[in-house]
Number of protein chains: 2
Amino acid sequence: MKSLIPELGAPIAQSASGHGIDRQEASLHGEILLRLRDYVVQGNIPEGARVPERQLCEMLGISRTPLREALKVLAAEGLIELLPNRGARIRQLSQRDLEELFDVMAGLESLAGRLACEAITDEEIAEIERLHYKMYGHYLHRDMHGYFQINQHIHESIVASARNETLRTAYANFAGRIRRVRYSANFARKRQRWAEAMREHEAILDALRRRAGSELSDILFQHLRNKRTAAIEHLAEARDATAATAAEG
Amino acid sequence: MKSLIPELGAPIAQSASGHGIDRQEASLHGEILLRLRDYVVQGNIPEGARVPERQLCEMLGISRTPLREALKVLAAEGLIELLPNRGARIRQLSQRDLEELFDVMAGLESLAGRLACEAITDEEIAEIERLHYKMYGHYLHRDMHGYFQINQHIHESIVASARNETLRTAYANFAGRIRRVRYSANFARKRQRWAEAMREHEAILDALRRRAGSELSDILFQHLRNKRTAAIEHLAEARDATAATAAEG
DNA sequence: AAGATAAAAAATGAATGCAAAATGGAGCCT
DNA sequence: AGGCTCCATTTTGCATTCATTTTTTATCTT
């Protein structure tokens with residue numbers, strides 16, 4: 001049986017995407033790595049499904065060697081897992097895995113906030129304020145999708161303002177692992193939680209203006225912790241629903 | 001010219017070491033990865049030097065394929081870098097790289113402290129207290145080496161008490177990158193800084209006993225920040241000295 | 001027809017092969 | 001001698017091949 005997975009772009013030519021995680025676009029292996037990482041992060045292969053080595057080779061027009069090299073790296077990054085003699089599978093995150101990942105993300109953002117207070121410029125703060133009010137508009141219009149995007153953007157701006165590439169890379173890595181869940185989790189927000197999140201964002205902005213590093217660090221950690229709770233709850237519900245459906249069918 | 005690098009253990013038999021970063025000891029690739037990572041982290045190849053692919057293959061008694069897979073992973077972890085068509089080199093960390101790494105470590109330990117306060121048992125605290133007093137003994141006897149080891153142990157215990165495997169893995173990864181420098185940096189401590197560090201450790205223990213998460217988080221960050229300053233200063237001196245020697249010679 | 005068994009096909013993991021690129025000298029010129 | 005070119009050697013990156021293991025399919029048994 002041919003597993004039907006979405007296309008993966010052109011059969012390798014020259015398309016360096018520049019993802020932010022690393023930049024070895026020069027070699028074939030590097031190019032494959034970037035493409036494959038995006039491909040997996042975007043959720044083109046279902047969780048727990050096996051990664052079709054041969055098929056991907058054909059899609060990319062390459063041999064197995066560079067593909068397998070990329071797979072090892074993705075495994076080290078935690079996106080896939082390698083079963084001995086049974087190839088690569090898309091890593092399925094347990095609830096515990098998600099809790100851990102959210103906490104690590106919280107720690108990294110918390111750190112980013114602290115460092116940002118040391119280095120951020122007035123212009124950068126002004127830009128984040130601008131985003132904040134735009135996001136507030138989406139909130140008032142109950143535009144979840146718009147809200148989510150700006151929200152993401154604000155958090156990335158804070159990380160960028162920390163002026164620490166090592167941190168940014170690590171952040172991008174962990175963000176990639178939970179991308180799918182994060183997205184759906186945000187949409188799961190109850191009205192109540194949404195209002196809370198807005199208030200937290202105001203506190204974040206306030207602490208940032210005052211360059212109150214350790215305060216901002218606390219607020220960001222708590223903010224992410226609350227997100228985590230919402231996400232995990234949502235995910236548990238979703239998985240229960242799936243399980244129930246499966247039992248019926 | 002044959003580059004002379006230290007031995008690398010037996011030519012692959014069965015020796016799963018279990019390093020704490022990941023555990024794919026099953027495959028040849030996984031075994032190589034563990035060994036090679038340790039080998040590099042321990043500083044067996046000088047900074048900036050090229051990684052002798054062929055030689056390592058012979059030492060390990062394997063072909064280039066699994067070795068190269070391991071190299072890609074180590075590159076992704078930041079231990080080595082891959083130059084297009086020019087193979088792998090031991091990554092040379094710039095001063096900025098070190099600053100960034102120390103800050104990320106500070107963030108991770110800070111997070112660990114916060115999480116530990118939620119989960120740590122009285123027994124674990126007692127164990128850390130025990131270590132603390134043992135370390136104090138080394139401090140009184142001016143035993144740098146003993147002090148350093150216990151110090152390391154205490155920090156690892158805090159990370160372990162956070163009950164977050166994802167965090168522990170990330171911590172181990174970053175710790176590996178700066179292992180060499182960290183070691184020498186600790187020995188560079190001035191008397192003054194050493195006394196300060198002892199006081200900070202007392203504050204850490206105090207906050208931990210009270211399970212004061214965000215307070216501990218702050219203290220740990222500051223503690224690591226101070227370490228960073230000492231380390232960077234020391235490294236700058238060391239590099240200057242090296243440069244001077246090179247200029248003379 | 002359900003389940004166990006065996007043979008065929010496909011996949012995985014690692015070694016080997018090969019073209020392109022980089023490195024290291026030997027000879028040459030100034 | 002110092003620096004250049006050119007060629008042999010080595011190294012690198014990727015494709016291909018090969019031995020195992022797993023998975024699928026076909027067959028047999030009850």
Side-chain angles (χ1 to χ4, degrees), chain A residues 1-5 8 10-16 22-36 45 48-76 80-91, chain B residues 1-5 8 10-16 22-36 45 48-76 80-91:
Chain A
M1 177 195 137
K2 277 244 120 66
S3 75
L4 294 169
I5 59 175
L8 209 169
I12 293 294
Q14 232 90 355
S15 67
D22 71 36
R23 40 170 131 65
Q24 30 195 14
E25 318 85 357
S27 63
L28 186 45
H29 155 264
E31 172 68 23
I32 304 275
L33 181 56
L34 291 173
R35 282 219 219 172
L36 203 53
I45 310 177
R50 102 196 257 141
V51 180
E53 214 174 87
R54 176 151 298 288
Q55 201 179 335
L56 288 172
C57 286
E58 281 167 21
M59 281 163 97
L60 293 161
I62 54 159
S63 81
R64 286 171 58 219
T65 309
L67 182 83
R68 298 182 99 260
E69 288 171 352
L71 289 178
K72 310 290 182 197
V73 174
L74 295 184
I80 66 178
E81 54 190 351
L82 303 173
L83 295 90
N85 289 316
R86 306 183 60 214
R89 308 238 130 123
I90 300 299
R91 180 158 170 208
Chain B
M1 174 196 140
K2 276 249 121 65
S3 76
L4 293 170
I5 59 175
L8 209 170
I12 291 295
Q14 232 91 356
S15 67
D22 70 35
R23 46 200 94 64
Q24 32 197 14
E25 318 85 358
S27 64
L28 186 46
H29 154 264
E31 171 69 22
I32 305 274
L33 180 56
L34 291 173
R35 282 219 219 172
L36 202 54
I45 311 177
R50 100 197 257 141
V51 179
E53 215 175 87
R54 174 154 304 285
Q55 201 178 334
L56 288 172
C57 285
E58 280 166 21
M59 281 163 95
L60 292 161
I62 54 159
S63 79
R64 285 171 57 221
T65 309
L67 182 84
R68 297 181 102 263
E69 287 170 354
L71 289 178
K72 308 291 180 195
V73 173
L74 294 184
I80 66 179
E81 53 190 350
L82 302 173
L83 297 92
N85 289 318
R86 306 182 60 218
R89 305 203 120 85
I90 301 298
R91 181 158 169 206

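We use all heavy atoms of the structure for the numbers below, so side chains are in, but hydrogens, waters and symmetry mates are not. Proteins get letters first, then strands, A, B, ... in listed order; numbering begins at 1 in each.
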Whole angstroms only, please: what is the [atom1]-[atom2] distance between [X] and [N]?
| X | N | atom1 | atom2 | answer |
| --- | --- | --- | --- | --- |
| Leu83(B) | dA21(C) | CG | C1' | 14 Å |
| Leu28(A) | dA21(C) | CG | P | 14 Å |
| Asn85(A) | dT21(D) | CG | P | 7 Å |
| Leu33(B) | dG13(C) | CG | P | 14 Å |
| Leu56(B) | dT12(D) | CG | C1' | 15 Å |
| Arg64(A) | dA11(C) | CZ | P | 10 Å |
| Leu82(B) | dC14(D) | CG | C1' | 15 Å |

### Query
So which nucleotide from dA14(C), dT21(D), dG13(D) ends up closest to the side chain of His29(B)?
dA14(C)
### Query
Which nucleotide, dA15(D), dA21(C), dT22(D), lies nearest any side-chain atom of Thr65(A)?
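The nucleotide sitting nearest to the side chain is dA15(D).
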### Task
Check every strand shown and say whether Leu67(B) touches a base, only sugar-phosphate, or nothing at a heavy-atom separation below 4.0 Å.
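The residue Leu67(B) makes no contact with any strand.
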### Task
Remember a base hit wins even if backbone is also touched, and classify Leu71(A) as base, sugar-phosphate or nothing at under 4.0 Å, heavy atoms.
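Counting heavy atoms under 4.0 Å across all strands, no contact is made by Leu71(A).
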### Side chains of Arg89(B) and Leu83(B) in contact at under 4.5 Å (non-hydrogen atoms)
yes
### Query
By salt bridge (Lys or Arg N to Asp or Glu O under 4.0 Å), which residues pair with Arg91(B), not counting sequence neighbours?
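Scan of Arg91(B) (salt bridge (Lys or Arg N to Asp or Glu O under 4.0 Å), adjacent residues dropped) gives Asp97(B).
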### Task
Compare side-chain N and O positions of Ser63(B) against OP1 and OP2 of dA15(C) and report whether any pair is under 4.0 Å apart.
yes
### Task
Kindly say if Arg68(B) contacts the phosphate of dG13(D), meaning a side-chain N or O under 4.0 Å from OP1 or OP2.
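Checking Arg68(B) against dG13(D): at least one side-chain N or O falls below 4.0 Å of OP1 or OP2.
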### Message
I'd like to check the side-chain contact (heavy atoms from CB on, under 4.5 Å) partners of Arg54(B); sequence neighbours left out, ordered by chain and number.
### Response
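Per chain and number, Arg54(B) pairs via side-chain contact (heavy atoms from CB on, under 4.5 Å) with Glu58(B), Arg64(B).
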### Summary
When Arg89(A) and Pro84(B) are each assigned the nearest nucleotide of DNA chain D, the 5'-most assignment goes to Pro84(B)
Would you tabulate the pairs of protein nitrogen or oxygen atoms and nucleotide nitrogen or oxygen atoms of nucleotides 9-11 of chain D closer than 3.5 angstrom?
unit_1: dT11(D); atom_1: O3'; unit_2: Arg50(B); atom_2: NH2; d: 3.2

